[in-house]
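Just below is one structure, and these are the notes that go with it.
Quick note on labels: first sequence line is chain A, next is B, and so on, each numbered from 1. Note that these values count all heavy atoms, side chains included, but never hydrogens, waters or copies made by symmetry. The shown structure was predicted, so the numbers you read here are calculated from the model rather than taken from an experiment.
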There are 2 protein chains.
Amino acid sequence: MLRGEIMNTIQDVAHEAGVSVATVSRVINNNDNVSTNTKNKVLKAINKLEYTPNLLGRNLRKKRTYKVLVLVPTLSNEFYSEIVRGVEDVASKDNYYVMVCSTHSNKETEKAYLNMFYNQLIDGIIFTAPEMSGEEMMDIANKYPVIQCSEYIRDSEVSWVSINNYQASYDAIKYLIDIGHKDIAIIGSENGFVSSIKRQQGYMKALQHNNIKINNDYIIQTNYEYEDGINGCIKLMNLEKPPTAIFCGSDAIAVGVIRQLTKQGIQVGEEISVIGFDDTNFAAYYNPPITTISQPRYEMGKIAMELLLRKINNIKCKNEYIILDHKLTIRESTITE
Amino acid sequence: MLRGEIMNTIQDVAHEAGVSVATVSRVINNNDNVSTNTKNKVLKAINKLEYTPNLLGRNLRKKRTYKVLVLVPTLSNEFYSEIVRGVEDVASKDNYYVMVCSTHSNKETEKAYLNMFYNQLIDGIIFTAPEMSGEEMMDIANKYPVIQCSEYIRDSEVSWVSINNYQASYDAIKYLIDIGHKDIAIIGSENGFVSSIKRQQGYMKALQHNNIKINNDYIIQTNYEYEDGINGCIKLMNLEKPPTAIFCGSDAIAVGVIRQLTKQGIQVGEEISVIGFDDTNFAAYYNPPITTISQPRYEMGKIAMELLLRKINNIKCKNEYIILDHKLTIRESTITE
DNA sequence: TTGTACGCGTTATCAG
DNA sequence: CTGATAACGCGTACAA
């Protein structure tokens, strides 16, 4: 390795400036008990040697890494990238580095990242779609700073920030009813996340409150990908009485649904309504643009990081359960009155 | 901090096993000069205390961090997430952690991440869309292990892995000509990346070789986002003689173009052809599905990490410039014969 | 085969 | 206001 030779240490600076390493350290860390004179000498030496502190040494000493991990199920979903932006903006103010890693929705992979706690490589984790059980989550949270963001585990007493998925779903269905629909289907997930369950509850309640009978054929449990939308759509349209509106648990599902409907020659936004979830960037640019539930992703990330910082500074600080506002964004995939 | 109290160190293990820390270290690192008997004692102690090595200490000692950085312009483009998957798969074999960070295409942000070299927080960087100059890149590469992946800087003698962007573009245009087009436009980027320039060269050469005059009105330089596709499309369709085919520098541009054409009531795939670039996952699910150039993203990531490992182990190893195969994937956004 | 002792680069404590 | 020195947790040359 060449690196060792070219990096100057605090000792080199001390030697160059003709002071002790302690003094150099004081200057670096802005401990004010140092005279302007020596301070200048040190600064000059730092400049001359192009010195930057070795954070490995500092962190070892401080027993902090100034790094946090954001665990996402997949990097290829821009829903999460907006959350990360929020996290980064808060983190950078406190000189924290943010690492983003993907679990690929795999419990083992998720577990592997917990090793970074044991190895003391990170100070905290933000989970966006935890795979572990509530019990495991609480075990971790007792020992290490963790926050749940967006997705969270039911019955786990571990801080989270999310939206009211029940209400969001309710609002979407209510809107469909208002514009004249009665035969409304839902394509959701069977992943067991709170969000999925609550979205289904919102769907049911909205129908009930409007005296519409629940048709089990209209409820499809699958996953959140394009292909799931296609398959779900095929099933629904093969029914004796197909729905006139389809509420989807993700924008990706909505894309699959619309694609399939178009393929079958059905005009989305005229003959049938489709609603997505998340308002990922492409929703506005799909053909037709997709009506969807907007989540305050950036804000969620910011708050998650703020909560995490609090936990890092005091693992025993009390848990917070924060609900942010959602919004129904109406575009052309739903029939206009 | 609670953490300090609950983590056991190598000393605790040594004490528990009744041996020296050196022996424990030998067991951990599989240095074979230790008797089966003491080895077992140590292992038992490790187990009992649930000991895991503090990587901060180890890395400080070894002067390696076993971490590499992948710098992407944005996390919200799944083109990069596939590259990262390739990087991860190679890295994990050698016990390297992969950190993904976003520069937001900002030169200053990119520079800030270089501090991680100076602070000795990482062993190497893979750039996917470097913002710095060729000179700066070579400066860095002289001192630290870095690789360029996908995008690279012209005239910089720093290893890269990419595709032949000239040929890819040429193939796309040739295909359009073969299916009967002559009025072919290109919406590319003015970002100055090699890829953009070569794609434009491929476009021009393909036209020339087929005796089609180059029309400057048909060449639009912009960025790679949805909105750029929309604006470019508007310009083109306002021409006295609009093109019958549009070749786009990214799938996002193609999405914008198709969206705009549809809005204007023009049937894509029947009245006009559109080709994208990258074959991001949604290309196959857009309405209509988009003909595009597929890049071997996963493979690119794998090779980039292999090259990086070589550099980490020997900064002076010779540079490699690797070109992988691309493929034209034909879907419904181009007119079929 | 095992233990002692030092160093990695930093910060914190204690004297002066 | 400044300097010596002891930690932080680990790996390794050297000695035993």
Side-chain angles (χ1 to χ4, degrees), chain A residues 1 3-43 45-46 49-66 95 116-121 123, chain B residues 1 3-43 45-46 49-66 95 116-121 123:
Chain A
M1 292 288 283
R3 294 223 305 282
E5 309 167 25
I6 61 175
M7 298 305 293
N8 285 309
T9 75
I10 198 171
Q11 318 245 17
D12 301 326
V13 177
H15 192 256
E16 172 74 25
V19 298
S20 74
V21 289
T23 302
V24 177
S25 178
R26 288 189 189 103
V27 172
I28 296 169
N29 296 287
N30 274 321
N31 288 16
D32 272 341
N33 319 329
V34 50
S35 75
T36 342
N37 188 22
T38 48
K39 187 171 183 176
N40 284 336
K41 277 195 299 185
V42 170
L43 288 176
I46 287 178
L49 300 184
E50 293 183 346
Y51 166 77
T52 39
N54 177 326
L55 292 189
L56 239 38
R58 169 182 296 175
N59 294 345
L60 175 61
R61 179 62 225 231
K62 286 208 167 196
K63 293 203 140 214
R64 277 216 192 172
T65 67
Y66 290 94
N95 289 318
M116 299 187 81
F117 270 139
Y118 312 142
N119 292 328
Q120 293 164 67
L121 287 174
D123 293 340
Chain B
M1 294 287 285
R3 293 224 307 280
E5 309 167 24
I6 60 174
M7 298 304 293
N8 286 309
T9 73
I10 199 170
Q11 317 244 18
D12 301 325
V13 176
H15 192 255
E16 172 73 28
V19 298
S20 74
V21 290
T23 304
V24 177
S25 177
R26 289 189 189 102
V27 172
I28 296 169
N29 296 288
N30 275 320
N31 288 16
D32 271 340
N33 318 330
V34 48
S35 76
T36 342
N37 188 24
T38 47
K39 187 172 184 175
N40 284 335
K41 279 196 298 186
V42 171
L43 288 176
I46 287 178
L49 299 184
E50 293 184 346
Y51 167 76
T52 39
N54 177 325
L55 260 35
L56 239 40
R58 171 181 295 176
N59 294 343
L60 176 60
R61 177 64 223 233
K62 286 210 168 195
K63 293 203 139 213
R64 278 220 191 170
T65 67
Y66 290 94
N95 289 317
M116 299 187 80
F117 270 138
Y118 312 142
N119 292 328
Q120 293 164 67
L121 288 173
D123 293 340

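- Relative to the side chain of Ser20(A), the nucleotides dG3(D), dG3(C), dG9(D) differ in distance, and dG3(D) lies closest.
- As a whole-Å value, the separation of Asn59(A) CG from dG9(D) P is 13 Å.
- Rounded to an integer number of Å, the gap from Asp12(A) CG to dG7(C) C1' is 15 Å.
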| What one-letter contact string describes nucleotides 10-16 of chain D from 5' to 3', where B marks a base within less than 4.0 Å of any protein heavy atom, S marks contact via sugar-phosphate atoms alone, and - marks no contact? | BBBB---

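- Look at Lys63(A) and you'll find a side-chain N or O under 4.0 angstrom from OP1 or OP2 of dG9(D).
- When the side-chain hydrogen bond (donor to acceptor under 3.5 Å, both in side chains) test is applied to Asn54(B), the partners found at least two apart in sequence or on another chain are Gln120(A).
- Regarding contacts with the backbone of dT2(D), a side-chain N or O of Ser35(A) is found under 4.0 angstrom from either OP1 or OP2.
- If you take NE2 of His15(B) and P of dG3(C), they are 13 Å apart, rounded to a whole angstrom.
- Applying the ring-ring contact (aromatic ring centres under 6.0 Å, His included) criterion to Tyr66(A), with sequence neighbours excluded, gives Tyr96(A).
- Checked options Leu56(A), Asn59(A), Leu60(A); the residue passing with Asn59(B) is Leu56(A) (criterion: side chain to side chain contact (heavy atoms under 4.5 Å, CB included)).
- Atom CG in Leu60(A) sits about 10 Å away from atom C1' in dT11(C), given to the nearest Å.
- Partners of Asn29(B) according to the side-chain hydrogen bond (donor to acceptor under 3.5 Å, both in side chains) rule, which considers only residues two or more places apart in sequence or in another chain, are Ser25(B).
- Considering only heavy atoms from C-beta on, Thr52(A) comes within 4.5 Å of Met7(A) through its side chain.
- Overall bending of the helix from dT1(C)-dA16(D) to dG16(C)-dC1(D), expressed as the angle between end axes built from five pairs apiece, is 50° (10° steps).
- Per the geometry, CG belonging to Asn33(A) stands 15 Å off P belonging to dC14(C), to the nearest Å.
- Put simply, CG on Asn40(A) is 15 Å from C1' on dC1(D), counting in whole angstrom units.
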Extract all donor-acceptor atom pairs below 3.5 Å that involve side chains of residues 10-21 of chain A and protein atoms in other chains or at least two apart in sequence.
residue, atom, partner, partner atom, Å
Asp12(A), OD2, Thr9(A), N, 2.8
Glu16(A), OE2, Lys48(A), NZ, 3.1
Ser20(A), OG, Ala22(A), N, 3.4
Ser20(A), OG, Thr23(A), N, 3.4
Ser20(A), OG, Thr23(A), OG1, 3.3

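- Summarising the geometry of Asn30(A) relative to Lys39(A), their closest heavy-atom pair is OD1-NZ, 4.3 Å, with the distance given to 0.1 Å.
- Between Asn119(A) atom CG and dC8(D) atom C1' there is a gap of 16 Å when expressed in whole angstrom units.
- One finds the OG1 atom of Thr65(A) at 13.0 Å from the CZ atom of Arg58(A) (value rounded to the nearest 0.5 Å).
- Using a 4.5 Å heavy-atom cutoff, the side chains of Ile28(B) and Ile46(B) are in contact.
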